[in-house]
Number of protein chains: 2
Amino acid sequence: MKENYTIKDIAELAGVSKGTVDRVIHKRGKVSPKALEQVNKVLDKIEYKPNPIAKSLKNNKIYNIAILLPDADADPYWLPCYEAIKQVEQEFSHFGIKINKGVFKPKSTKSFTKAADLVIAEKPDAVLMVPLFYKEAEHVAKMCVAAGIKIATFNNYIKEPHINLEIGQDLFQSGRVAAKLFNMLLGNKATLAVLHIDEAFQNASHMQEKERGFKDYFAQKELAYTINVHNIKKESKIPFDQTIENFLKSIDDVDGLFVTTSKAYLLANHIAAYLPKSLIIGYDLVAENIKYLEEDKIAFLIHQDPKKQVYLSLTNLIEFFLFDKPLQESLTLPIDIINTENYPQYLN
Amino acid sequence: MKENYTIKDIAELAGVSKGTVDRVIHKRGKVSPKALEQVNKVLDKIEYKPNPIAKSLKNNKIYNIAILLPDADADPYWLPCYEAIKQVEQEFSHFGIKINKGVFKPKSTKSFTKAADLVIAEKPDAVLMVPLFYKEAEHVAKMCVAAGIKIATFNNYIKEPHINLEIGQDLFQSGRVAAKLFNMLLGNKATLAVLHIDEAFQNASHMQEKERGFKDYFAQKELAYTINVHNIKKESKIPFDQTIENFLKSIDDVDGLFVTTSKAYLLANHIAAYLPKSLIIGYDLVAENIKYLEEDKIAFLIHQDPKKQVYLSLTNLIEFFLFDKPLQESLTLPIDIINTENYPQYLN
DNA sequence: TTTTTTAATGTGTTCGAGCACATTTTTATT
DNA sequence: AATAAAAATGTGCTCGAACACATTAAAAAA
């Protein structure tokens, strides 16, 4: 029993030439019923899988992958994504992989659409994107499907049935993770605040998912928790910092603050002055959050690992193109709980 | 400016044949000084990297990787490793990769040595092992080095300078992670117990590393914590469960219990009866631990992700053999903090 | 039956690296 | 200068899949 049969092997076993075997496998026609049967008989017995390396060599094609992602200058959360891209480019530079970045402003749908148009015009083999803007992302997905371009998303979700690859975190569940942490720290009774802090509110569905999960936990456990929700957004002309301070002045008697965005540091900056006993749980290992984590002004951070998301998305697409590995339709990544002691290992 | 040059390209640029280029690259001699210079001049300009796919196809070699790991029947902690092996076998079945398992009893050095001898006798290209027994593992490493076999370790460490690949967790730091969690849950003053629970104590250095990290945290922060260390091991003829119960009867006034092994469930089983207010932090997502985690009898678990360790070790070795990717000498994996809400994502 | 058309099958080349072998050039020897 | 020996260089094949093209066999038309 051989392990890996080649086309030549099959040809010999079936008593035909490799050309005929090839035609049978690829259903290119021009095969007599007799030969077809002979080859299929062999194929049934041995389960042939073409050698992906030979296939790849013969192909010798350059695959273009476009990636639509927000500008890291506007929000450092996205910085690790760029590292992941660089890493993948290095690892796969000799495998004929080209990655084309389409950077957009995270607050501008126009910028997103423009970047998308630019990138799709070059007819890439796949488009990987952060679907920050629901309607616009849906449109991009549809255009890709129409053009036969593989389409993948990460970090956020849209409900498009033709997405080929979807990588992200279970946001509802991550809200529950935060809730459980508060529950452990504060016991069976407390007052909490959910804070949606961001400079803009387009497509804020991810924040709401986290809030839903957060509330769901306490409801399900029937705990005596009071939970207030606050939307805090940058007001024009007033510094964001000032807005935060005003907010903190306006509330009291809060045991814990759950920040659904990566902006927990804005809060932590002033927490000692106004609510010294309140615990903060936030998201994402951005530098400023880590600073306050280390100062114990942030209790926990939840890590969404954007770098891993990009890395996995890209390698999944690449291995699909190069080696015919199937695309994982949907991949839900772990919800990493971060404290002062374990954050360094997540940063590399 | 071309991206990927081939040997043929270089030959044309240097005005020689591809055979000569090949001899220069592989330093096989038989090249005139003049030709050498011509080729090197081109090589300096373009930075040639051979196409790993073509190389791999030509090679057409079957690589044998041996993996020495404990029997999962004796300790379910190792079960995910077997899943990782199966997964890698499937993913790389058409890349000429053979994985040979050498299973040993986790309490028997003899069994380890026997499995190692058996596996090395077949002259694999690499040996990946869990170096549970220091002296014996060191010996295996030396034998591999002598035989030109690549040697990799995971889960535990030995100090052998010739290890080619080392994957695991920072155990000292994971002790600190546990300490920090207790600190957050219990405040600035408490009494804790460190429990080394296992059925045998050979090579228990990993437990001690965790203990050191744990104590280090409180010492560094100068917190008023009392920490007592207990070794609990299976006594012959007495059921382990009974030993645990006796231990619990013997202590009181403990706010938290830190179990340095995967045996936290043995404790959790009886905690409600003897120390209902004590918090347990343990290691590893074995089924029984998860059960008590869900019942809130275990507060947190630290995940050592043996599956990921094996997966990364194997793929790293494979990509080294197939595509000349360099081996990462030492890779320290994140210390995952697990509670009731986030464990499922770590299990897949 | 012979010729034409169409269907079926086989052969040869390519991808890039790597190595065996053949050929050519240079150097040494008579 | 002729020949032998050694050194240098070039050619051609392999790995396995894929496809273009050539060849052969069978069916249709004359």
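Just the heavy atoms: all of them, side chains too, but no hydrogens, waters or symmetry mates, feed the values below. Labels below follow one simple rule: chain letters A, B, ... track the order of the sequence lines, proteins then strands, and each chain is numbered from 1.
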Whole angstrom value for the distance that separates P of C:dG16 from NZ of B:Lys18: 11 Å
Parallel, tilted or perpendicular: rings of A:Tyr63 and A:Phe321 (30°, 60°): parallel
Short side-chain N/O contact from B:Arg28 to OP1 or OP2 of C:dC19, under 4.0 Å: yes
Distance in angstrom units between A:Asn51 CG and D:dT14 P, rounded: 17 Å
Length of the line joining B:Leu57:CG and D:dA17:P, which is rounded to integer Å: 9 Å
Residues B:Asp125 and B:Lys150 bridged, charged N to O under 4.0 Å: no
Distance test, side-chain N/O of A:Ser32 to OP1/OP2 of D:dA26, below 4.0 Å: no
Residue-phosphate contact under 4.0 Å: A:Lys30 side-chain N/O, C:dT9 OP1/OP2: no
A:Tyr48 side-chain N/O to D:dA17 phosphate OP1/OP2 under 4.0 Å: yes
B:Asn59 side-chain N/O to C:dA17 phosphate OP1/OP2 under 4.0 Å: no
Whole-Å distance separating the CD1 atom of B:Ile53 from the P atom of C:dA17: 11 Å
Whole-Å gap separating P (C:dG16) and CG (A:Asn60): 4 Å
Toward the 5' end of DNA chain D, by each residue's nearest nucleotide, A:Ala54 or B:Gly15: B:Gly15
Matching residue for A:Leu165 among A:Asn316, A:Leu312, A:Thr153, A:Ile151 - test: side-chain contact (heavy atoms from CB on, under 4.5 Å): A:Asn316
A:Asp22 CG - C:dT11 C1' separation (whole Å): 13 Å
Sugar-phosphate only, base, or nothing, as touched by B:Lys8 at under 4.0 Å among non-hydrogen atoms: nothing
Validation row, ring centre B:Phe95 to ring centre A:Phe323 under 6.0 Å: yes
Phosphate-side-chain proximity, B:Ser17 and D:dG10, N/O vs OP1/OP2 below 4.0 Å: yes
Sugar-phosphate only, base, or nothing, as touched by B:Lys55 at under 4.0 Å among non-hydrogen atoms: sugar-phosphate
Distance below 4.0 Å between A:Ser56 side-chain N/O and C:dC15 OP1 or OP2: no
B:Tyr134 and B:Glu160: side chain donor to acceptor below 3.5 Å: no
Sugar-phosphate only, base, or nothing, as touched by B:Ile7 at under 4.0 Å among non-hydrogen atoms: sugar-phosphate
